[in-house]
Amino acid sequence: MKLIDEKLLDGTTARAKQSPRLRMNYNFHEALDDPLNRLINAMEPGTYLRPHRHKNPDKNEIFLLLRGKAALFLFDDGGHVAEKVILDPSNGTYGGEIPPGVWHTLVILKSGSVVYEVKQGPFVPLSPENMAPWSPAAEDAEEVKRFMDKLISYL
(Lines give C-alpha, C1' and ligand atoms only; values in the text may rest on other atoms or scores of the structure.)
Protein backbone atom coordinates (compact mmCIF):
# COMPACT_ATOMS: atom_id res chain seq x y z
CA MET A 1 0.00 0.00 0.00
CA LYS A 2 1.14 3.51 -0.77
CA LEU A 3 0.11 5.70 2.12
CA ILE A 4 -0.77 9.38 1.80
CA ASP A 5 -0.11 10.80 5.25
CA GLU A 6 1.11 13.94 6.96
CA LYS A 7 4.72 12.75 6.85
CA LEU A 8 4.58 12.43 3.04
CA LEU A 9 2.85 15.80 2.64
CA ASP A 10 5.30 17.53 5.00
CA GLY A 11 8.35 16.00 3.33
CA THR A 12 7.18 16.90 -0.16
CA THR A 13 6.25 20.41 1.00
CA ALA A 14 9.73 20.88 2.50
CA ARG A 15 11.27 19.96 -0.87
CA ALA A 16 8.86 22.34 -2.67
CA LYS A 17 9.97 25.22 -0.44
CA GLN A 18 13.59 24.54 -1.43
CA SER A 19 12.81 24.25 -5.16
CA PRO A 20 13.39 27.28 -7.39
CA ARG A 21 9.94 26.56 -8.94
CA LEU A 22 8.32 26.41 -5.46
CA ARG A 23 6.74 23.05 -6.18
CA MET A 24 7.62 19.38 -5.96
CA ASN A 25 5.75 16.27 -6.97
CA TYR A 26 5.77 12.77 -5.57
CA ASN A 27 4.70 10.14 -8.10
CA PHE A 28 2.68 7.10 -7.13
CA HIS A 29 2.93 5.62 -10.62
CA GLU A 30 6.18 3.73 -10.96
CA ALA A 31 6.79 4.31 -14.66
CA LEU A 32 6.07 7.25 -16.95
CA ASP A 33 4.23 4.95 -19.34
CA ASP A 34 1.77 3.85 -16.64
CA PRO A 35 -1.78 4.10 -18.06
CA LEU A 36 -2.85 6.17 -15.04
CA ASN A 37 -0.60 8.91 -13.65
CA ARG A 38 -1.14 9.65 -9.93
CA LEU A 39 0.88 12.09 -7.89
CA ILE A 40 0.84 14.63 -5.15
CA ASN A 41 2.08 18.08 -6.03
CA ALA A 42 3.20 20.27 -3.12
CA MET A 43 3.09 23.91 -4.18
CA GLU A 44 3.88 27.20 -2.54
CA PRO A 45 2.46 30.67 -3.24
CA GLY A 46 4.35 32.21 -6.14
CA THR A 47 4.76 29.01 -8.12
CA TYR A 48 3.66 29.47 -11.72
CA LEU A 49 1.67 26.81 -13.49
CA ARG A 50 1.41 28.20 -16.99
CA PRO A 51 -2.16 27.89 -18.27
CA HIS A 52 -2.36 24.80 -20.41
CA ARG A 53 -4.68 22.15 -21.77
CA HIS A 54 -4.44 18.43 -22.49
CA LYS A 55 -5.28 17.94 -26.16
CA ASN A 56 -3.72 15.56 -28.67
CA PRO A 57 -3.61 13.37 -26.72
CA ASP A 58 -6.87 14.24 -24.98
CA LYS A 59 -6.69 13.73 -21.23
CA ASN A 60 -8.94 14.50 -18.30
CA GLU A 61 -7.16 15.93 -15.28
CA ILE A 62 -8.42 15.73 -11.72
CA PHE A 63 -7.21 17.94 -8.87
CA LEU A 64 -8.05 17.16 -5.23
CA LEU A 65 -6.67 19.62 -2.71
CA LEU A 66 -5.52 17.64 0.32
CA ARG A 67 -4.56 20.73 2.33
CA GLY A 68 -4.04 24.43 1.82
CA LYS A 69 -5.88 26.82 -0.43
CA ALA A 70 -5.75 27.36 -4.20
CA ALA A 71 -7.71 29.02 -6.96
CA LEU A 72 -8.60 26.94 -10.01
CA PHE A 73 -9.13 28.97 -13.19
CA LEU A 74 -10.60 27.84 -16.50
CA PHE A 75 -10.19 30.03 -19.60
CA ASP A 76 -11.77 30.42 -22.99
CA ASP A 77 -9.63 30.26 -26.14
CA GLY A 78 -8.98 34.01 -25.95
CA GLY A 79 -7.54 33.80 -22.43
CA HIS A 80 -10.56 35.27 -20.63
CA VAL A 81 -11.47 33.70 -17.29
CA ALA A 82 -14.48 31.46 -17.97
CA GLU A 83 -14.74 29.92 -14.49
CA LYS A 84 -12.94 30.23 -11.19
CA VAL A 85 -13.29 28.49 -7.87
CA ILE A 86 -11.41 28.65 -4.58
CA LEU A 87 -10.38 25.17 -3.49
CA ASP A 88 -10.29 25.01 0.29
CA PRO A 89 -10.91 21.73 2.13
CA SER A 90 -11.77 23.63 5.32
CA ASN A 91 -14.72 25.18 3.44
CA GLY A 92 -15.80 21.98 1.69
CA THR A 93 -14.43 22.71 -1.79
CA TYR A 94 -11.98 19.94 -2.61
CA GLY A 95 -11.15 19.88 -6.29
CA GLY A 96 -12.25 19.70 -9.87
CA GLU A 97 -12.10 17.58 -12.97
CA ILE A 98 -10.89 19.35 -16.10
CA PRO A 99 -12.07 17.95 -19.45
CA PRO A 100 -9.62 17.52 -22.34
CA GLY A 101 -8.83 20.65 -24.30
CA VAL A 102 -9.87 23.13 -21.57
CA TRP A 103 -7.33 25.81 -20.69
CA HIS A 104 -6.65 25.83 -16.93
CA THR A 105 -4.26 26.76 -14.15
CA LEU A 106 -3.98 26.78 -10.38
CA VAL A 107 -2.87 29.75 -8.29
CA ILE A 108 -1.66 28.73 -4.85
CA LEU A 109 -3.00 30.92 -2.06
CA LYS A 110 -1.62 29.26 1.09
CA SER A 111 1.77 27.85 2.03
CA GLY A 112 1.79 24.08 2.48
CA SER A 113 -0.81 23.43 -0.23
CA VAL A 114 -0.78 19.90 -1.62
CA VAL A 115 -2.83 18.63 -4.55
CA TYR A 116 -3.49 14.99 -5.45
CA GLU A 117 -3.55 14.83 -9.24
CA VAL A 118 -4.79 12.09 -11.56
CA LYS A 119 -4.68 11.95 -15.35
CA GLN A 120 -4.41 9.34 -18.02
CA GLY A 121 -0.96 8.09 -18.92
CA PRO A 122 1.42 7.65 -20.36
CA PHE A 123 3.18 10.82 -19.28
CA VAL A 124 3.90 13.01 -22.28
CA PRO A 125 5.48 16.44 -21.80
CA LEU A 126 3.12 19.20 -22.90
CA SER A 127 3.66 20.23 -26.51
CA PRO A 128 3.80 23.94 -27.39
CA GLU A 129 0.22 23.75 -28.76
CA ASN A 130 -0.94 22.85 -25.24
CA MET A 131 0.60 25.95 -23.64
CA ALA A 132 -1.74 28.94 -23.67
CA PRO A 133 -0.33 31.38 -26.25
CA TRP A 134 -1.88 34.32 -24.38
CA SER A 135 0.01 33.51 -21.16
CA PRO A 136 3.60 34.43 -20.33
CA ALA A 137 6.40 31.90 -20.55
CA ALA A 138 7.75 30.81 -17.17
CA GLU A 139 11.11 32.44 -17.94
CA ASP A 140 9.56 35.94 -18.15
CA ALA A 141 9.41 36.65 -14.40
CA GLU A 142 8.06 40.21 -14.74
CA GLU A 143 5.18 39.17 -17.03
CA VAL A 144 4.44 36.12 -14.88
CA LYS A 145 4.06 38.33 -11.81
CA ARG A 146 1.72 40.69 -13.68
CA PHE A 147 -0.32 37.76 -14.99
CA MET A 148 -0.65 36.11 -11.56
CA ASP A 149 -1.54 39.44 -9.92
CA LYS A 150 -4.28 39.89 -12.52
CA LEU A 151 -5.67 36.41 -11.79
CA ILE A 152 -5.64 37.05 -8.05
CA SER A 153 -7.52 40.31 -8.63
CA TYR A 154 -10.45 38.24 -10.02
CA LEU A 155 -10.89 36.57 -6.65
Side-chain angles (χ1 to χ4, degrees), residues 8-27 29 32 37-91 93-155:
L8 177 62
L9 300 187
D10 288 348
T12 309
T13 293
R15 289 189 295 284
K17 289 179 178 181
Q18 298 300 314
S19 167
R21 293 175 21 166
L22 296 174
R23 67 180 187 264
M24 184 62 58
N25 63 302
Y26 176 92
N27 294 344
H29 53 282
L32 294 178
N37 292 170
R38 295 123 22 239
L39 59 122
I40 61 169
N41 201 342
M43 297 177 277
E44 290 296 304
T47 192
Y48 177 56
L49 299 162
R50 185 173 181 182
H52 63 283
R53 65 184 178 185
H54 299 280
K55 185 174 181 179
N56 296 325
D58 289 354
K59 296 182 179 192
N60 290 309
E61 186 168 21
I62 300 169
F63 297 107
L64 295 173
L65 189 63
L66 301 176
R67 71 176 183 195
K69 187 175 181 181
L72 174 58
F73 290 91
L74 304 183
F75 304 91
D76 65 18
D77 287 337
H80 303 100
V81 174
E83 291 182 58
K84 63 183 181 304
V85 64
I86 302 285
L87 304 178
D88 184 347
S90 68
N91 288 333
T93 310
Y94 302 100
E97 182 170 338
I98 313 302
V102 174
W103 300 109
H104 61 281
T105 192
L106 285 172
V107 174
I108 304 306
L109 303 173
K110 185 176 180 182
S111 183
S113 294
V114 180
V115 171
Y116 184 78
E117 187 177 322
V118 179
K119 65 181 163 227
Q120 294 106 332
F123 171 78
V124 177
L126 289 173
S127 63
E129 76 177 73
N130 283 304
M131 295 297 194
W134 36 261
S135 66
E139 301 77 26
D140 191 342
E142 188 174 308
E143 284 301 313
V144 165
K145 180 170 179 5
R146 268 196 278 270
F147 182 77
M148 290 181 65
D149 287 346
K150 182 179 177 184
L151 289 180
I152 289 170
S153 76
Y154 292 129
L155 303 176

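Crowding of Lys55 atom NZ: a count of heavy atoms from other residues, nucleotides or ligands under 6.0 Å not exceeding 12. Crowding of Tyr116 atom OH: a count of heavy atoms from other residues, nucleotides or ligands under 6.0 Å exceeding 12.
Atoms CG and NZ, from Leu87 and Lys110 in turn, are 13.5 Å apart once rounded to the nearest 0.5 Å. With rounding to the nearest 0.5 angstrom, the OG1 atom of Thr105 is 7.0 Å from the CG atom of Leu151.
The side-chain heavy atoms of Leu155 and Leu109, taken from C-beta on, include a pair separated by under 4.5 Å. Taking the side chain as every heavy atom from C-beta outward, Glu117 and Asn25 never approach each other to under 4.5 Å. Within the 4.5 Å cutoff, the side chain of Arg23 has no heavy atoms near those of the Ile108 side chain. A 4.5 Å side-chain heavy-atom check between Ile86 and Thr93 finds every atom pair outside the cut-off.
Arg50 pairs by the side-chain contact (heavy atoms from CB on, under 4.5 Å) definition with Tyr48, Met131, Ser135, Ala137, not counting sequence neighbours. Phe147 is linked by a ring pair (Phe, Tyr, Trp, His ring centres under 6.0 Å) to nothing, counting only residues two or more places apart in sequence or in another chain. Every residue two or more places apart in sequence or in another chain was checked for a ring pair (Phe, Tyr, Trp, His ring centres under 6.0 Å) with Phe73, and none qualifies. Legend: residues meeting side-chain hydrogen bond (donor to acceptor under 3.5 Å, both in side chains) with Thr13, ordered by chain and number and at least two apart, are Arg67. Listed by chain and residue number, Lys59, Asn60 satisfy the side-chain contact (heavy atoms from CB on, under 4.5 Å) test with Gln120 (two or more places apart in sequence, or in another chain). By the side-chain hydrogen bond (donor to acceptor under 3.5 Å, both in side chains) test, Ser90 is found to be paired with Asp88, residues two or more places apart in sequence or in another chain being considered. Residues passing the side-chain hydrogen bond (donor to acceptor under 3.5 Å, both in side chains) test with Ser19: none are found, sequence neighbours excluded. Residues meeting the side-chain contact (heavy atoms from CB on, under 4.5 Å) test with Gln18, sequence neighbours left out: none. Contacts of Ile62 classified as side-chain contact (heavy atoms from CB on, under 4.5 Å), with partners at least two apart in sequence or in another chain: Leu64, Glu97, Val118.
The salt bridge (charged side-chain N to carboxylate O under 4.0 Å, His left out) analysis of residues 140-155, with sequence neighbours excluded, yields the pairs Glu142-Arg146, Glu143-Arg146, Lys145-Asp149.
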Mind listing the side-chain donor-acceptor pairs of residues 121-129 below 3.5 Å, one per line with the distance, residues two or more places apart or on another chain?
| unit_1 | atom_1 | unit_2 | atom_2 | d |
| --- | --- | --- | --- | --- |
| Ser127 | OG | Asn130 | ND2 | 3.1 |
| Glu129 | OE2 | Asn56 | ND2 | 3.4 |

For residues 77-84, tabulate all N or O donor-acceptor pairs below 3.5 Å that involve a side-chain atom, not counting sequence neighbours.
| unit_1 | atom_1 | unit_2 | atom_2 | d |
| --- | --- | --- | --- | --- |
| Asp77 | OD1 | Trp103 | NE1 | 3.0 |
| His80 | ND1 | Asp76 | OD1 | 3.4 |
| His80 | ND1 | Asp76 | OD2 | 3.4 |

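Glu44 approaches Gly112 most closely through the heavy-atom pair OE2-N, 2.8 Å. Scanning both residues, Ala42 and Ala16, for their nearest heavy atoms gives O-CB, 3.4 Å. Between Thr47 and Leu22, the shortest heavy-atom distance links the atoms CB-O, 3.7 Å.
At distances below 3.5 Å, at least one donor-acceptor pair connects side-chain atoms of Ser113 with backbone N or O atoms of Lys69. Within the 3.5 Å criterion, the main-chain N or O of Arg38 finds a donor-acceptor partner in the side chain of His29. Of the possible donor and acceptor atoms, none in the side chain of His104 sits under 3.5 Å from a partner among the backbone N and O of Arg53.
Only one option out of Asn27, Val115, Thr12 pairs with Ile40 in a side chain to side chain contact (heavy atoms under 4.5 Å, CB included); it is Thr12.
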